[in-house]
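Have a look at the structure below, then the notes.
Every heavy atom of this structure was used, including side-chain atoms; hydrogens, water molecules and symmetry mates were not. For this chain, numbers begin at 1 and follow the sequence in order.
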Amino acid sequence: MQAQLRLASPLALALAAAFAFAPAAAHADEAALMKRIEQLASELEAMKAEVAKLKTAAPAAAPAPAAAAPMAAAPLINGADAPAGMDGAMHARMHGGAMNGGAMNGAERTDTGRGLVVSEEGSRLTSYGEINYNRYRNDSSRSQSDVRRVVLGYEHRFDRDTKAVVELEWEHAVVSADDQGESEVEQAYIEHQFNDSVAGRAGLFLIPLGLLNERHEPTTYYGVERNFVETAIIPSTWREIGVQAVADLDNGITLQGGVSTGFSLSKWDASSDEAQVEGPLGTIHQEGQNAMSRDLSLFGALNWRGVPGLHLGTGVFTGGASQGAAGTPRGRVTVYEAHARWQPGAWDLAALYAGGSISNTAALNADKIGGVSLIPSRFDGGYLQVANRVWESGGKYLSPFVRAERYNTGKSYAFLGTGVTPAALPNERVITVGANFGLSRSVVLKADMQWFKETTANNRIDLGVGWAF
């Protein structure tokens with residue numbers, strides 16, 4: 001109708017001009033000419049009135065959404081703050097841990113709260129995985145290759161505001177009673193968008209601490225293996241059952257907070273040194289498996305991305321961890337962290353510090369004296385990382401990096417008596433030098449070398465391939 005209206009006016013003028021300047025031989029006198037002009041003007045006014053009536057009866061159709069842009073290269077490390085050519089994809093896909101890449105079935109709309117094009121309803125499949133090779137330089141007999149993990153995920157959007165997010169993970173290739181493999185539900189939650197800024201989640205979700213835990217695909221971090229601070233101190237990938245609220249504010253601040261299950265100190269195994277090697281929280285993490293829930297935990301996180309290329313954040317998690325288990329004195333686990341990431345041009349600079357404490361460990365360790373591993377009262381760690389995208393062409397890229405880490409899984413122990421109290425563990429320091437080579441925006445090849453100050457037997461060369469879509 002609008003097109004007809006645009007054509008009608010010039011058509012009327014043209015006809016009027018034709019009639020006005022036609023010669024007498026055209027067999028149209030002045031009276032007939034004026035009558036014709038009035039008729040055309042009347043038709044034009046009627047057409048305008050009809051268009052106005054249609055506009056009043058129904059709102060104008062919204063402009064068609066722009067075609068989805070190709071997936072940007074995932075930010076190396078994590079977050080939505082990578083420079084041009086590196087960001088967007090992973091934050092769009094992994095906001096809050098959910099793999100949200102790709103188009104969905106159904107009518108699309110723009111979700112202004114996240115800047116994403118999402119669907120009225122429909123489902124999509126996601127996946128990531130990594131296969132690694134570790135060669136120990138001082139003892140080649142320890143060298144191994146491993147299907148570290150393969151994850152299949154799906155997201156189903158029930159309507160414009162409500163969706164389910166599920167991730168299923170398999171580790172170490174084979175799962176059986178006689179193998180070391182694991183099969184697990186990494187995430188399973190419902191999310192509802194209350195308005196453009198605020199959403200709520202309920203179910204099994206990732207705790208929003210650090211740069212790695214919520215966004216941990218191999219395309220999102222440097223190096224073949226995940227860094228030690230965000231695995232031994234923050235037990236990535238760390239998930240709990242609970243409820244949380246997420247608020248994305250216009251000033252670049254994202255707030256997250258909620259109530260969830262926590263740790264269980266009754267799971268501590270004093271006869272094993274696993275806690276000293278892998279971290280104290282990984283051994284008492286319940287992972288949503290018949291999680292004891294007498295003691296619940298609180299968590300909160302704040303991230304600011306108000307300046308392009310800059311990301312600052314902090315978070316805390318705290319809660320009782322005795323769970324009312326018989327013979328387990330009361331104890332509280334608290335974890336806190338602060339992180340920063342700055343990406344000026346091709347550079348990618350990151351820093352993170354994380355620490356934790358367990359209260360009442362003197363009582364908790366009373367029946368564990370003489371064991372291989374007692375419960376520490378404090379543990380912490382931090383790292384500095386520098387990377388540079390030295391080359392990029394046609395979706396491929398090369399990013400060398402160096403990372404310096406310092407972590408301690410037993411920084412202090414409560415006093416148990418002279419000659420009985422364990423000595424603090426030494427700080428482990430690790431230097432990692434390597435490079436990520438992106439074959440495409442979703443596939444990465446990795447290589448690095450690691451040097452350990454204390455456990456030099458772990459010095460090694462790592463190779464890996466990873467993908468995420």
Side-chain angles (χ1 to χ4, degrees), residues 66 68-95 101 114-116 210-227 229-230 248-254 302-314 337-353 382-405 430-450 464 466-469:
M71 181 176 288
L76 300 176
I77 305 179
N78 319 288
D81 41 292
M86 293 176 63
D87 67 330
M90 288 316 299
H91 187 57
R93 293 178 58 252
M94 292 299 300
H95 190 325
R114 299 193 178 188
L116 304 177
L211 289 167
L212 180 69
N213 195 55
E214 283 192 309
R215 301 171 185 90
H216 48 258
E217 296 80 6
T219 53
T220 67
Y221 59 87
Y222 294 107
V224 176
E225 306 290 351
R226 297 170 179 176
N227 72 77
V229 177
E230 293 185 272
D248 288 317
L249 308 182
D250 292 337
N251 57 7
I253 291 177
T254 298
L302 183 153
N303 286 277
W304 179 71
R305 300 177 179 88
V307 174
L310 181 62
H311 173 191
L312 304 175
T314 186
E337 61 86 22
H339 55 267
R341 186 180 181 194
W342 184 36
Q343 296 169 298
W347 289 96
D348 193 347
L349 315 174
L352 180 142
Y353 173 80
Y383 68 78
L384 297 173
Q385 182 172 263
V386 178
N388 186 281
R389 182 163 290 201
V390 297
W391 174 81
E392 183 173 10
S393 177
K396 297 180 175 62
Y397 61 87
L398 177 64
S399 295
F401 75 95
V402 59
R403 181 173 60 241
E405 300 183 67
V430 184
I431 300 295
T432 305
V433 177
N436 285 15
F437 180 76
L439 286 178
S440 74
R441 301 190 182 279
S442 298
V443 179
V444 63
L445 302 178
K446 301 182 180 185
D448 63 50
M449 295 183 67
Q450 294 189 308
W467 66 90
F469 64 85

Practice item. Can you see which heavy atom on Ile431 is nearest to which on Ala404, and at what distance? Key: CD1-CB, 3.7 Å

Practice item. Please lay out, stage by stage, how Tyr397 and Val444 fare under the test side chain to side chain contact (heavy atoms under 4.5 Å, CB included). Key: CA-CA 9 Å; Tyr397 61 87; Val444 63; 4.0 Å; yes

Review point. Between Arg226 and Leu212, is there a donor-acceptor pair closer than 3.5 Å when you use the side chain of the first and the backbone of the second?
Key: no

Check your understanding: Nearest heavy-atom pair of Leu384 and Ala351: which atoms, and what distance?
Key -> CD2-CB, 3.5 Å

Review point. Is there a side-chain contact between Leu310 and Trp304, using heavy atoms and a 4.5 Å cut-off?
Key: yes

Exercise for review: Decide yes or no for Val307 and Trp342: does some side-chain heavy atom of the first lie under 4.5 Å from some side-chain heavy atom of the second?
Suggested key: no

Review point. Any donor and acceptor pair, going by atom type alone, linking the side chain of Glu217 with main-chain N or O of Ala468 inside 3.5 Å?
Key: no

Practice item. Locate the shortest heavy-atom distance separating Leu211 from Ala350; write the atom from each residue and the value. Key: CD1-CB, 4.4 Å

Review point. Can you tell me if CG on Asp250 sees more than 12 non-hydrogen neighbours from other groups inside 6.0 Å?
Key: no

Review point. What pair of heavy atoms forms the shortest contact from Asp448 to Gln450, and how long is it?
Key: OD1-CG, 3.9 Å

Review point. With sequence neighbours left out, what residues match Asn303 under side chain to side chain donor-acceptor pair (under 3.5 Å)?
Key: His311, His339

**Study point:** Heavy-atom closest contact (Thr314 atom, Glu337 atom, distance)
**Key:** OG1-O, 2.8 Å

Point to revise | Note, Gln385 side chain near Tyr221 side chain (heavy atom, < 4.5 Å) | key: no

**Study point:** Validation row: Trp391, Lys396 side chains within 4.5 angstrom (heavy atoms)
**Key:** yes

Study note, to complete from the structure: Closest non-hydrogen atoms of Ala387 and Phe401, given as atom of the first, atom of the second and distance, are CB-CB, 3.7 Å

Practice item. Drop me the distance from Leu445's CG to Leu439's CG, to the nearest 0.5 angstrom. Key: 4.0 Å

Check your understanding: Would you call Tyr383 and Thr432 a side-chain contact if the rule is heavy atoms closer than 4.5 Å?
Key -> no

Practice item. Determine yes or no for a side-chain-to-main-chain donor-acceptor pair under 3.5 angstrom, with Lys446 supplying the side chain and Gly223 the backbone. Key: yes

Review point. Asp348 and salt bridge (charged side-chain N to carboxylate O under 4.0 Å, His left out): which partner among Arg403, Arg341, Arg389?
Key: Arg341

